[in-house]
There are 2 protein chains.
Amino acid sequence: MHKKQISKAVINRLPRYYRYLGDLLEKDVVRISSKELSDKMKVTASQIRQDLNNFGGFGQQGYGYNVEYLHTEIGKILGLDKKYNIIIIGAGNLGQALANYVDFERRGFYVKAIFDINPRLVGLSIRGIEIKNIDELKEYITMNQVDIAALTVPKAKAPQLAADLAKWGIKGIWNFAPTDLHLAEDIIVENVHLAESLMKLSYKLSEKNKANDK
Amino acid sequence: MHKKQISKAVINRLPRYYRYLGDLLEKDVVRISSKELSDKMKVTASQIRQDLNNFGGFGQQGYGYNVEYLHTEIGKILGLDKKYNIIIIGAGNLGQALANYVDFERRGFYVKAIFDINPRLVGLSIRGIEIKNIDELKEYITMNQVDIAALTVPKAKAPQLAADLAKWGIKGIWNFAPTDLHLAEDIIVENVHLAESLMKLSYKLSEKNKANDK
DNA sequence: TAGATTGTTAATCGATTAACAATC
DNA sequence: TAGATTGTTAATCGATTAACAATC
């Protein structure tokens with residue numbers, strides 16, 4: 001059976017749908033039409049229906065979509081019905097911020113350990129999660145089920161570390177280092193490049209300035 | 001004169017070009033062809049040439065591109081030749097992580113103040129930058145030139161705060177709150193939705209699992 | 001039933017890739 | 001000059017939007 005590949009553009013929009021549906025759910029909204037949702041989200045109703053129908057018919061003619069049901073189904077598509085064990089590598093400010101972000105657990109992402117190279121940080125705890133020495137990383141991954149490693153280490157350290165993580169059996173890397181990790185393609189990498197995000201903001205600001213100067 | 005609008009896809013790629021060129025520059029690489037760069041970046045040479053030619057002819061036939069020149073020119077396109085004053089609103093973990101991220105200054109982004117509602121944080125300093133009471137926000141913005149506000153506050157507070165910031169004359173918002181800010185269109189918003197990034201990773205992981213189960 | 005809204009096909013639009021003449 | 005590589009046009013591909021029959 002030939003399953004049509006879902007386009008990347010669609011996947012990128014799914015978390016946003018999920019967020020809006022979660023917000024509606026909190027407001028006890030029971031049903032919503034693609035038109036109503038399109039008004040809220042500033043996208044076309046057609047796009048919403050096309051996107052959802054990549055995964056199945058979640059709506060009902062003449063009625064629209066049941067908010068709770070659609071929220072749950074998109075959650076399943078995103079894999080949020082599963083639990084993931086995360087380790088954070090790099091206990092700097094960003095690593096600590098991630099470790100403190102309790103909301104992740106609500107979505108099934110559990111931070112199990114933090115690793116750092118700095119002996120002054122090793123032994124400390126964040127939210128009850130111990131900072132371990134990075135020397136113990138290999139053994140930890142081998143002995144525990146770890147699904148995701150969040151990489152908040154300096155750029156220079158990231159590629160080698162990522163290669164090691166892949167070798168030791170990590171499945172996914174949430175990469176915050178400002179570099180691309182070129183790994184075997186069965187290792188999933190999701191990048192968060194803050195500097196690039198800020199540059200986009202900078203671009204848009206200077207575009208606006210140019211427009212105003214005219 | 002009719003200036004062709006640059007597509008969003010192109011803008012999104014510019015910071016990545018800038019990063020690769022910066023890396024080449026550090027390695028003292030003088031020239032690079034679109035073909036060589038395409039091999040490194042895993043994109044087509046054709047796309048690189050198309051992207052760059054939206055902004056002008058930066059290369060030379062038979063030679064390629066001068067790395068330093070191209071780096072500088074893309075920097076100008078991105079507005080990195082200008083200086084920006086940033087304030088951070090929300091001195092939680094993420095706000096503190098941003099305040100500590102020295103590298104931003106290298107690119108012309110200067111963190112001038114941090115604001116928080118929590119009286120226990122007010123008065124503390126991060127890298128010599130004082131945490132002020134959020135009550136002083138309006139006056140600060142009015143009295144100082146502030147270009148960008150990084151918003152690292154809880155979701156519930158973000159929309160009202162963003163509306164206030166817009167009213168008080170902020171030009172750009174770097175939004176880390178997991179919500180969309182619907183503001184007048186002359187206010188530039190750049191979102192960093194960490195939870196959505198993690199969901200994409202989750203999706204890709206569960207896709208891989210499904211493929212393996214077959 | 002009549003009205004509303006989906007699911008889905010077809011049309012349009014835009015982005016990417018290929019190809020090659022221009023030119024360094 | 002000959003070889004290399006750009007800048008740019010044309011062809012292809014994919015994503016978005018429009019339209020409407022199906023159906024609740």
Side-chain angles (χ1 to χ4, degrees), chain A residues 1-17 20-21 24 29-74 77 200 203 207, chain B residues 1-17 20-21 24 29-74 77 200 203 207:
Chain A
M1 178 193 146
H2 173 74
K3 171 127 158 293
K4 194 179 72 230
Q5 179 65 30
I6 308 294
S7 90
K8 211 178 157 187
V10 174
I11 306 307
N12 283 336
R13 285 192 291 266
L14 286 182
R16 189 158 177 263
Y17 292 136
Y20 272 83
L21 289 163
L24 289 166
V29 176
V30 173
R31 62 164 284 273
I32 194 157
S33 69
S34 58
K35 179 65 176 63
E36 288 171 291
L37 190 56
S38 84
D39 288 341
K40 279 187 195 299
M41 296 186 66
K42 318 280 186 199
V43 297
T44 62
S46 197
Q47 179 166 78
I48 293 174
R49 294 203 300 277
Q50 284 277 20
D51 282 354
L52 297 179
N53 278 89
N54 281 298
F55 304 97
F58 300 126
Q60 192 168 297
Q61 281 98 331
Y63 173 85
Y65 299 87
N66 177 285
V67 172
E68 189 174 4
Y69 174 70
L70 188 55
H71 183 257
T72 305
E73 289 303 311
I74 295 179
I77 294 164
K200 280 190 258 175
Y203 173 85
E207 273 304 286
Chain B
M1 175 195 148
H2 171 76
K3 172 127 157 294
K4 193 180 70 232
Q5 179 65 30
I6 308 293
S7 90
K8 211 178 156 188
V10 175
I11 306 309
N12 284 334
R13 287 192 290 266
L14 286 182
R16 188 158 178 264
Y17 291 137
Y20 272 83
L21 290 162
L24 289 165
V29 176
V30 173
R31 62 164 282 273
I32 194 158
S33 69
S34 58
K35 179 64 174 65
E36 289 171 290
L37 190 57
S38 83
D39 288 340
K40 280 188 195 298
M41 296 186 66
K42 319 279 183 197
V43 297
T44 63
S46 196
Q47 179 165 77
I48 293 174
R49 294 203 299 278
Q50 284 277 21
D51 283 352
L52 297 178
N53 278 88
N54 280 298
F55 305 96
F58 300 126
Q60 193 169 296
Q61 282 97 330
Y63 173 85
Y65 300 86
N66 178 284
V67 173
E68 188 173 4
Y69 174 69
L70 187 55
H71 184 257
T72 306
E73 289 304 311
I74 294 181
I77 294 165
K200 281 190 257 175
Y203 173 84
E207 273 303 288

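Heavy atoms only: backbone and side chains are in, while hydrogens, waters and symmetry mates are out. Each chain gets a letter, A, B and so on, in the order the sequences are listed, and its residues count up from 1.
For the pair A:Tyr65 and C:dG7, the criterion of a side-chain N or O lying under 4.0 Å from OP1 or OP2 is met. Contact check, B:Ser7 against C:dG14: no side-chain N or O comes under 4.0 Å of OP1 or OP2.
Rounded to whole angstrom, the span from the CD atom of A:Gln47 across to the P atom of C:dC13 amounts to 16 Å. The CD atom of A:Gln61 sits 14 Å away from the P atom of D:dA21 (whole-angstrom rounding). The distance from atom CG of B:Asn54 to atom P of D:dT9 is 13 Å, rounded to the nearest whole Å. What separates CD1 of A:Ile6 from C1' of D:dA15 is a distance of 13 Å, to the nearest Å. Following rounding to the nearest Å, A:Ile48 (CD1) and D:dA18 (P) show an atom-to-atom distance of 13 Å. Between A:Phe58 atom CZ and C:dG7 atom P there is a gap of 9 Å when expressed in whole angstrom units. Separating the CD atom of A:Glu73 from the P atom of C:dG7 is a distance of 12 Å, rounded to the nearest angstrom. As a whole-Å value, the separation of B:Ile11 CD1 from C:dT16 P is 12 Å.
For the pair B:Gln60/B:Asn66, no side-chain contact is recorded, criterion being any heavy-atom separation below 4.5 Å from C-beta on. Under the 4.5 Å side-chain criterion, counting only non-hydrogen atoms from C-beta, B:Val29 is not in contact with B:Leu21. The shortest distance between side-chain heavy atoms of B:Leu52 and B:Leu70 falls below 4.5 Å.
Atoms CD1 and OH, from A:Ile32 and A:Tyr20 in turn, are 10.5 Å apart once rounded to the nearest 0.5 Å. Going from atom CD1 of A:Ile48 over to atom CD of A:Glu36 covers 10.5 Å, rounded to the nearest 0.5 Å.
Ranked by how close their nearest DNA chain D nucleotide is to the 5' end, A:Thr44 and B:Gly56 are led by B:Gly56.
One donor-acceptor pair, N or O on each side, does fall under 3.5 Å between the base of D:dA18 and the side chain of A:Ser46. Side-chain N/O atoms of A:Gln50 and base N/O atoms of C:dT8 include no donor-acceptor pair closer than 3.5 Å.
Of all nucleotides listed (D:dT6, C:dT16, C:dT6), D:dT6 comes nearest to the side chain of B:Arg49.
In this structure D:dG14 sits in a base pair with C:dC13, meeting the Watson-Crick or G-U test at under 3.5 Å. The nucleotide D:dC24 finds its pairing partner in C:dG3, both defining distances of the Watson-Crick or G-U wobble pair being shorter than 3.5 Å.
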